[in-house]
Amino acid sequence: MGDGEPLFKRVAIIGLGLIGGSLASAIRQHRLAGQVVGYDRRAEELALGEELGVIDVAAESLEQAVRGSDLVVLAVPVRATRAVLAELKPFLDSDTVLSDVGSTKSSFVADVEAVFGELSPHVIPGHPIAGSEKSGIRAANPELFANHKVILTPADNAHQPDVERLRALWEGCGATVLTMSVAYHDEVLAATSHLPHLIAFSLVDTLAGEDENMDIFRYAAGGFRDFTRIAASDPVMWHDIFLSNRDAVLRVIDHFTHDLDQLRSAIAAGDGAMLLRVFSRAKAAREHFTKMLSGQAYVTNNSEKQVTFQLQPGGSIRGDIRVPGDKSMSHRSIMLGALAEGITEVKGFLEGEDSLATLQAFRDMGVTIEGPEDGFVRIHGVGMHGLQAPRGPLYLGNSGTAMRLFAGLLAAQPFDSELTGDASLSKRPMGRVADPLRAMGAVIDTAEGGRPPLKIRGGHKLTGIHYEMPVASAQVKSCLLLAGLYAEGVTSVTEPAPTRDHTERMLVGFGYHVHRDGATASVTGGGKLTACAIDVPADISSAAFFLVAGSIAPASELVLRHVGMNPTRVGVINILRQMGADIEVLEEREIGGEPVADLRVRSAELKGIDIPEEQVPLAIDEFPVLFIAATCAQGRTVLRGAEELRVKESDRIQVMADGLAALGVETTVTPDGIIIDGGQDIGGGTVNSHGDHRIAMSFAVASLRANGPIEITDCANVATSFPSFVELAQQTGIQIRTEGGE
Ligand code: S3P
């Protein structure tokens, strides 16, 4: 806060242990308050606090600490809270902000209510998720909270400016601040922290009790060490936490004992399938823990990883590559495989975050899925009516496709479900599926403006409808067809222009009849799906980056293998060819109901064109990189009829125009498209991809014709659709380097 007013004039930290001391020294170090006053009953700790420079002033009494402070933070043991509150009550000004750092939040609120008779709007409970095996003021570390999460649990009536000031204080200490309700906080912590500690304490105690000399520990390997590390935590603190978070902890213990009991029965009965189901679900959950479950557990977005691409200008494209599997088909292969009877084997599955989120969601609904391993997945289908209620919200990451298709499937299930996603997905319109599903009889709540999360009520019978789609959307069409599998009678969807038909083709592959009549596709509810083998071709949407790269970079020649050539997806090839691109289609073949080919691209002089509107839905995801092609072409390119681009992972018209402008390229943005005069110089500069994977990759391609280095920020989401992009780009000749990430 070097310039202006600090956030608080005088902060009192009550209790100078590791957390209180670290907070005090972080506030001092970052000059977030005019003065930091410390108080601790233990005279030596207090004296040390002053001596070590952790606090500005040591208060001689609680009264001296609290009086005149505009923020009081309790950092005392949870079980001491009530007594300390009672003692400080007479000295607390009515508008002083009161917070704490305890691990359980309902107990803090109960203590405040017991002492003050109410929860004033200035009380904002807090919990930094940080710690260390060390304790005491000597271990105080001003960096303890850097890159850690802090959870605030303000009540509905909390004074918002206070919440914001407290948030700014923690952020000033380097933390990421999340807010949630008291109850949710305690549930989450009971599950992710308290229960594991309890189990570790109990397991070590049981084993130690079995063998008086504790000899068995001699034979324990690394697994035991990893698993039981936390059993060496502070017993006093943990006994406090369990007693304070009693209700939430009891619930999660019951849940766990029930599940443990089921595993016991499965072992007793020799039920290997049950063990495999649980273990493979757990293995996958553990593997994707940091990426996805952290998003679910703390209801935050997944884009905390800051990944930046650094590109050097110029280069040629050469090589022979296969880009990863098609995203649309990967999602659908899991969905239909899960609902089929029998075992479905998938080759070429895209191991990107989006399709992995879909896979995890089905595991959360009780489906056993083995893999993925090198793109191979084996799905043990549970049949049309075999899904089980998930325990919590299904987190779908960045994927609009997943959310819309799941909505159709889940609307027809007997159980309730909730669909959530990252920050980008949480802004995308879901009314387009919720409305027609409601017309079929589904009960769905959305957040304001039809946005996620979607809360779907189970147990409602669906009836087939005929739906004329107002926008050409494969996601809406697929959603309704999937709901139609469960609906009474016929569900038919007419599209205003052809959109990708993978759902229809794959349904046929699973033995489900789809009737096609011109622009209308229909299904009759009540049938079944039969497991099959699926070979997912390389994603033409990922190949598109290299088709443009090979076209615009001089002296280039590249072969792309096994690319999906579904006629509803080849708009990018049609458009590029019309612009003069040299793309050869080789070895056309049909694999598992989908056309596939190898593509050879060579450098070419591109020219600007008026993009035919009927090509728009057929190239809907490829426009960001087509804008780069247009920038490198001679003459004007005009895109119309593409307003859908504004509601993709970002507003792709505006974000591309802004990125091009940052590189010195002028464009004219229109409500439904863009006008790009080709032949302008692409300069160096910094482009913000706004967390949109395809924007990030498009500007990486632009570097081939730039005359200065390009930095692209917010690129972590490239992993949603094309996790190996950077390696393949390097391998073929794009001079790219990544910074940040894990
Ligand atoms: C998709 C359909 C398209 C596309 C998306 C994938 C699909 O979305 O943009 O990346 O798999 O059905 P819309 O249906 O919203 O156009």
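Order of listing sets the numbers, starting from 1, for every ligand and every atom in it.
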Query raised in the report: Taking it one step at a time, do Phe623 and Ile611 satisfy side-chain contact (heavy atoms from CB on, under 4.5 Å)?
Result: CA-CA 11 Å; Phe623 283 104; Ile611 297 176; 4.0 Å; yes

Query raised in the report: With a 4.0 Å cut-off, would you call Arg589 and Asp598 a salt bridge?
Result: yes

Query raised in the report: Ser355 side chain to Glu351 main-chain N or O, any donor-acceptor pair under 3.5 Å?
Result: no

Requested in this report: Under the ring pair (Phe, Tyr, Trp, His ring centres under 6.0 Å) rule, what do His385 and Tyr486 come out as? Steps first, then yes or no, please.
Outcome: CA-CA 9 Å; His385 301 284; Tyr486 290 90; 5.6 Å; yes

**Report entry** Minimum side-chain heavy-atom gap Met384-Glu341 below 4.5 Å
**Finding:** no

**Report entry** Contact residues of ligand 1 (heavy atom under 4.0 Å), by chain and number
**Finding:** Ser328, Arg332, Thr401, Arg404, Ser473, Ala474, Gln475, Arg500, Ile620, Asp621, Lys648

Query raised in the report: Are Phe406 and Phe362 close enough, and set up right, to give a ring pair (Phe, Tyr, Trp, His ring centres under 6.0 Å), and what steps lead you there?
Result: CA-CA 10 Å; Phe406 269 97; Phe362 277 97; 5.2 Å; yes

